[in-house]
Protein chains: 2
Amino acid sequence: MKLSSQAQAFVLHFGEMGSRWGFNRTVGQMFALLTIHNEPLNADQLAEALKISRGNVSMGLKELQAWRLIELHHQPGDRKDYFTAAGSIWDLARTVFEERRKRELDPTLTLLRQLLLSDPRDQQEAQAQEKIQEVYSLLEMLDQFANTLSRLDEKDLLKLMKLGSGLSKLLELKSRAGITAKKEPKSRKK
Amino acid sequence: MKLSSQAQAFVLHFGEMGSRWGFNRTVGQMFALLTIHNEPLNADQLAEALKISRGNVSMGLKELQAWRLIELHHQPGDRKDYFTAAGSIWDLARTVFEERRKRELDPTLTLLRQLLLSDPRDQQEAQAQEKIQEVYSLLEMLDQFANTLSRLDEKDLLKLMKLGSGLSKLLELKSRAGITAKKEPKSRKK
DNA sequence: TAGAATTTTCAGAAATTTCTGAAACTTAAG
DNA sequence: CTTAAGTTTCAGAAATTTCTGAAAATTCTA
């Protein structure tokens, strides 16, 4: 396994960025490598290509599986486990997005929900709780929105992201849309 | 400065989540505290409330300023620097969003752009570059979209996030919208 | 069932990040 | 000026995270 300088740079960069994206350097590198490499790779190949220990590869693969970013394959007549990136670039991006939502939002929502249960003992606490409520409402909405985006199919997602400044125009339209939509009985069922 | 157990929990949690959101524990705590506390706080108060060193507070404040999340105030007749969260919860969320986009996307886009310049030497490299192109296109679009969202005013943003499953319906409408919009000359100027 | 091939685990080493606190620096007041 | 109040800096200590590699566990083959 020799990496072209292109691949090398790509892999190293993803290693560096890894921490910002939620995993550590070697996990980032492994993911990057599995992403640009078309053929499945086994643990030894990864260890060799990235010059890291076999044990580290094993842990990294476990983590990438927890992220649902890679999948296991087998080559006929070979007992080794081979891995590839799980799906297209789009699939991967979507998965990262969903996983990050889970990890970055859910625990906070749970805590805030809890904090909002008990009622404030004094003025001071009342004000704090108000703020907590604001933070909660916002994060809750964000979470819902992220959810909505996750559910869009690729076509719609693409359409949405390509809208650019057309988005606000579309939103303006929105209030009228309900009416407009009703006015257009286009297709009945389905 | 004594924190209610509510505030305590809020602050500690933001400390723990900090790393996932892009800053370290104490910076997360400082930010949380400035967010729920309505009055401006000075460095000594922060250090005392969070039981961390004065030096650490100074560094943390610098970082929060780099994130544009806090602002400096002065109390008449007091030479100390006082800080508050910069704006409403919405403002803060928006700022975090923008800063994260900068830190998580921009460096990668820059690198990938660069990698795409040189042309592949062999089959292997060609395939890798294809993948890199795919990743680039996706991240570029994501970046644009994040940009678009950042520019929306609060009203529109709220509308959009509240759409839920209405979003895909609105998108369906989109193709027709261009026409519809032109057909409605509603208001001329302003 | 033995043993060979492969993967996983995990204690401690190495690397990295965060934090402290004393000293240096800055600014305003007297 | 000189001094006092306040802030920043930064070397090294402490804490945390990551990584290694040998041993244990698992799985397949014969």
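Quick caveat, the model's predicted, so the values are computed rather than measured. First the proteins, then the strands, lettered A, B, ... as listed; each starts at 1.
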Rounding to a whole Å, what distance do you find between [X]:[atom1] and [N]:[atom2]?
X: His74(A); N: dT29(D); atom1: NE2; atom2: P; answer: 11 Å
X: Glu63(B); N: dT8(D); atom1: CD; atom2: P; answer: 14 Å
X: Lys51(A); N: dT20(D); atom1: NZ; atom2: P; answer: 12 Å
X: Gln45(B); N: dG6(D); atom1: CD; atom2: P; answer: 12 Å
X: Met30(B); N: dC19(C); atom1: CE; atom2: P; answer: 11 Å
X: Asn24(A); N: dT17(D); atom1: CG; atom2: C1'; answer: 8 Å
X: Glu48(B); N: dT20(C); atom1: CD; atom2: P; answer: 14 Å

Membership question, hydrophobic clusters at under 4.5 Å side-chain separation (ILVMFWY): are Leu12(A) and Phe31(A) in the same one? no
Please work out if [X] contacts a base, only the sugar-phosphate, or nothing of the nucleic acid, heavy-atom cut-off 4.0 Å.
X: Asp44(B); result: nothing
X: Leu61(A); result: nothing
X: Asn56(A); result: base
X: Asp81(B); result: sugar-phosphate

Do [X] and [Y] sit within salt-bridge range, that is, some charged N less than 4.0 Å from a carboxylate O?
X: Arg101(B); Y: Glu98(B); result: no
X: Lys169(B); Y: Glu172(B); result: no
X: Arg121(B); Y: Glu125(B); result: no

Let me spell it out: for each of Lys80(B) and Arg25(B), pick the nucleotide of DNA chain D with the closest heavy atom. Which residue's pick is nearer the 5' end? Lys80(B)
Quiz item: Arg79(A) side-chain donor-acceptor pair to dT27(D) base, under 3.5 Å: yes
